[in-house]
S.K.: 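Dropping the structure in here first, questions after.
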Amino acid sequence: MYLLIPAAGLGRRMGSDRNKLLLTVRSQPIIAWTLKAAEAAQSISWIGIISQPTDWDDLKAILADLKLNKPVELIPGGATRQESVYNGLQALPEAAEQVLIHDGARCLATPDLLNACAEAIRHCPGLIAAIPVKDTIKVVDENGIIQSTPDRSQLWAAQTPQGFDVNLLRQCHAEGVRQGWEVTDDAALFEKCGIEVQIVEGEETNLKVTTPQDLAIAEFILKSRE
């Protein structure tokens, strides 16, 4: 299975002026933990890291330190996550029929979750890891007034990995460019194109490290796994 890791963003919400994935948790860069999970997942055979070329020297140093056994390719990122994934799709080896896309900032995903998504994508056109929403969610207007309360039993919080048929995802990205769609994940492109996306149950600990508080939580979770 082919894995693309979007890793092109800055850490503005982290209060950092550099790529947050180069920040350390338990003495290793965030992206290193993501890569170690991919290395340990038996289903993953190839890894593409989509990042800005200004980060490549740092990433090459991290890769040299990790000494991964799987081939890793560095792919130029775009101005948005959507553009970055589009670039990643163009860089996939010709043999790729399905692909997993996993945010570099979700450094706590386990190899088991990657393997489960890799297996499931062989049997459907698209999927996302997600977990049931525990909180009651409110839809609010621009004045802060509650408009509605969706049925919580139908709400899931999206995570990554997300998995897709490569040709279908390329077609959806091309349509997104034509239509000028701006989406925050690839599943939304499938939805807009009317293609079914399946849920694979994710992991409560599979949080996206975005803020300093998230870093502290990730530190605690990684320590508890030792």
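Scope of the values below: all heavy atoms of this structure, side chains included, with no hydrogens, waters or symmetry mates.
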S.K.: Looking at Glu94, I'd like to know if its CD atom is crowded, meaning that more than 12 non-hydrogen atoms belonging to other residues, nucleotides or ligands lie closer than 6.0 Å.
M.R.: no

S.K.: State, yes or no, whether a side-chain contact exists between Leu3 and Val99 at a heavy-atom distance under 4.5 Å.
M.R.: no

S.K.: Just to verify, what does Glu175 make a salt bridge (Lys or Arg N to Asp or Glu O under 4.0 Å) with, not counting sequence neighbours?
M.R.: Arg178

S.K.: Quick check: is Leu63 connected to Ile31 through a chain of hydrophobic side chains (ILVMFWY, heavy atoms under 4.5 Å apart)?
M.R.: yes

S.K.: Answer with yes or no whether the hydrophobic clustering places Ile128 together with Val133; edges join I, L, V, M, F, W, Y residues whose side-chain heavy atoms lie under 4.5 Å apart.
M.R.: no

S.K.: Minimum heavy-atom separation for Ile50 to Pro76, with atom names?
M.R.: CG2-O, 3.8 Å

S.K.: Is there a path of hydrophobic side-chain contacts, each under 4.5 Å between heavy atoms of I, L, V, M, F, W or Y residues, that connects Val209 with Leu222?
M.R.: yes

S.K.: For residues 67-77, pull every pair meeting side-chain hydrogen bond (donor to acceptor under 3.5 Å, both in side chains), keeping only residues two or more places apart or in separate chains.
M.R.: Glu39-Asn69

S.K.: Does the Thr149 side chain pair with the main chain of Lys138, one donor and one acceptor, at a distance under 3.5 Å?
M.R.: no

S.K.: If only atom types and distance count, is the side chain of Asp165 paired as donor or acceptor with the main-chain N or O of Asn167 below 3.5 Å?
M.R.: yes

S.K.: Cys117 and Leu127: which non-hydrogen atoms are nearest, and at how many Å?
M.R.: O-CD2, 3.6 Å

S.K.: Show your reasoning for whether side-chain contact (heavy atoms from CB on, under 4.5 Å) applies to Thr34 and Asp103.
M.R.: CA-CA 9 Å; Thr34 311; Asp103 291 336; over 6 Å; no

S.K.: Under a 3.5 Å distance rule, please check whether His173 uses its side chain to pair with a backbone N or O of Val177 as donor and acceptor.
M.R.: no

S.K.: Should the heavy atoms of other residues, nucleotides or ligands under 6.0 Å from CD of Gln147 be counted, would the total exceed 12?
M.R.: yes

S.K.: Output yes when a side-chain donor or acceptor of Trp33 lies under 3.5 Å from a complementary backbone atom of Val25, and no otherwise.
M.R.: yes

S.K.: Hey, what do you get for OH (Tyr2) to CG (Leu89), rounding to the nearest 0.5 Å?
M.R.: 13.5 Å

S.K.: Between Thr211 and Gln213, is there a side-chain donor-acceptor contact under 3.5 Å, judged purely by atom types and distance?
M.R.: yes

S.K.: Should the pair Glu204-Lys134 be classified as a salt bridge under the 4.0 Å nitrogen-to-oxygen rule?
M.R.: yes

S.K.: Say you draw a straight line from CG of Leu100 to CG of Leu4; how long is it, rounded to the nearest 0.5 Å?
M.R.: 9.0 Å

S.K.: For atom OH of Tyr86, is the number of surrounding heavy atoms from other residues, nucleotides or ligands below 6.0 Å larger than 12?
M.R.: no

S.K.: Output the distance between atom CD1 (Ile146) and atom CG (Asp141), rounded to the nearest 0.5 Å.
M.R.: 10.0 Å

S.K.: Could you go through the side-chain contact (heavy atoms from CB on, under 4.5 Å) check for Gln159 and Leu207 one step at a time?
M.R.: CA-CA 8 Å; Gln159 300 182 340; Leu207 64 89; over 6 Å; no

S.K.: Could you state whether Ile121 and Val200 fall into the same hydrophobic cluster, counting links through intermediate Ile, Leu, Val, Met, Phe, Trp or Tyr residues with side-chain heavy atoms under 4.5 angstrom apart?
M.R.: yes

S.K.: Take atom CD of Gln90 as the centre, draw a 6.0 Å sphere, and report whether it contains more than 12 heavy atoms from other residues, nucleotides or ligands.
M.R.: yes

S.K.: Just by modelled atom types, is the Trp181 backbone N or O under 3.5 Å from a matching donor or acceptor in the Gln82 side chain?
M.R.: yes

S.K.: Any side-chain heavy atom of Leu35 within less than 4.5 Å of one from Ile47?
M.R.: yes

S.K.: Has the side chain of Thr24 got a donor or acceptor atom that lies under 3.5 Å from a matching backbone atom of Pro29?
M.R.: no

S.K.: Any carboxylate oxygen within less than 4.0 angstrom of a Lys/Arg side-chain nitrogen, looking at Arg81 and Asp186?
M.R.: yes

S.K.: Could you walk me through whether Gln179 and Lys192 pass the side-chain contact (heavy atoms from CB on, under 4.5 Å) test, one step at a time?
M.R.: CA-CA 10 Å; Gln179 302 279 4; Lys192 283 179 172 290; over 6 Å; no

S.K.: Between Asp185 (side chain) and Ala188 (backbone), is there a donor-acceptor pair under 3.5 Å?
M.R.: yes

S.K.: Can you get from Leu215 to Ile62 by hopping between Ile, Leu, Val, Met, Phe, Trp and Tyr side chains that sit under 4.5 Å apart?
M.R.: yes

S.K.: Is it true that a side-chain atom of Asn19 and a backbone atom of Leu21 form a donor plus acceptor pair closer than 3.5 Å?
M.R.: yes

S.K.: As an exercise, state the distance from CD of Gln162 to CG of Leu169, rounded to the nearest 0.5 Å.
M.R.: 9.5 Å

S.K.: Hey, is CD on Glu219 packed in by over 12 heavy atoms from elsewhere, all under 6.0 Å?
M.R.: yes

S.K.: Are Asp214 and Lys208 ion-paired here, with the side-chain N under 4.0 Å from a carboxylate O?
M.R.: no

S.K.: What heavy-atom pair brings Leu113 and Ala129 nearest, and what distance separates the two atoms?
M.R.: CD1-CB, 4.3 Å

S.K.: Answer yes or no: is there a donor N or O on one side and an acceptor on the other, between the side chain of Arg152 and the main chain of Pro132, under 3.5 Å?
M.R.: no

S.K.: Counting C-beta onward and ignoring hydrogens, is there a side-chain heavy-atom pair between Leu92 and Val166 closer than 4.5 Å?
M.R.: yes

S.K.: Gln28 and Lys36: which non-hydrogen atoms are nearest, and at how many Å?
M.R.: NE2-NZ, 2.9 Å

S.K.: How many angstroms lie between CG in Leu22 and CG in Leu59, if you round to the nearest 0.5 Å?
M.R.: 6.0 Å

S.K.: For Cys172 and Ile195, which heavy atoms make the closest approach, and how far apart are they?
M.R.: SG-CD1, 3.6 Å

S.K.: Which pair of heavy atoms, one from Pro111 and one from Ala37, lies closest together, and at what distance?
M.R.: CG-O, 3.7 Å

S.K.: Do Arg225 and Thr110 meet the criterion of a side-chain donor-acceptor pair at a distance under 3.5 Å?
M.R.: no

S.K.: Do the side chain of Asn206 and the main chain of Thr160 share a donor and acceptor less than 3.5 angstrom apart?
M.R.: yes

S.K.: Got a second to check how far Phe164's CZ is from Ile101's CD1, nearest 0.5 Å?
M.R.: 5.5 Å

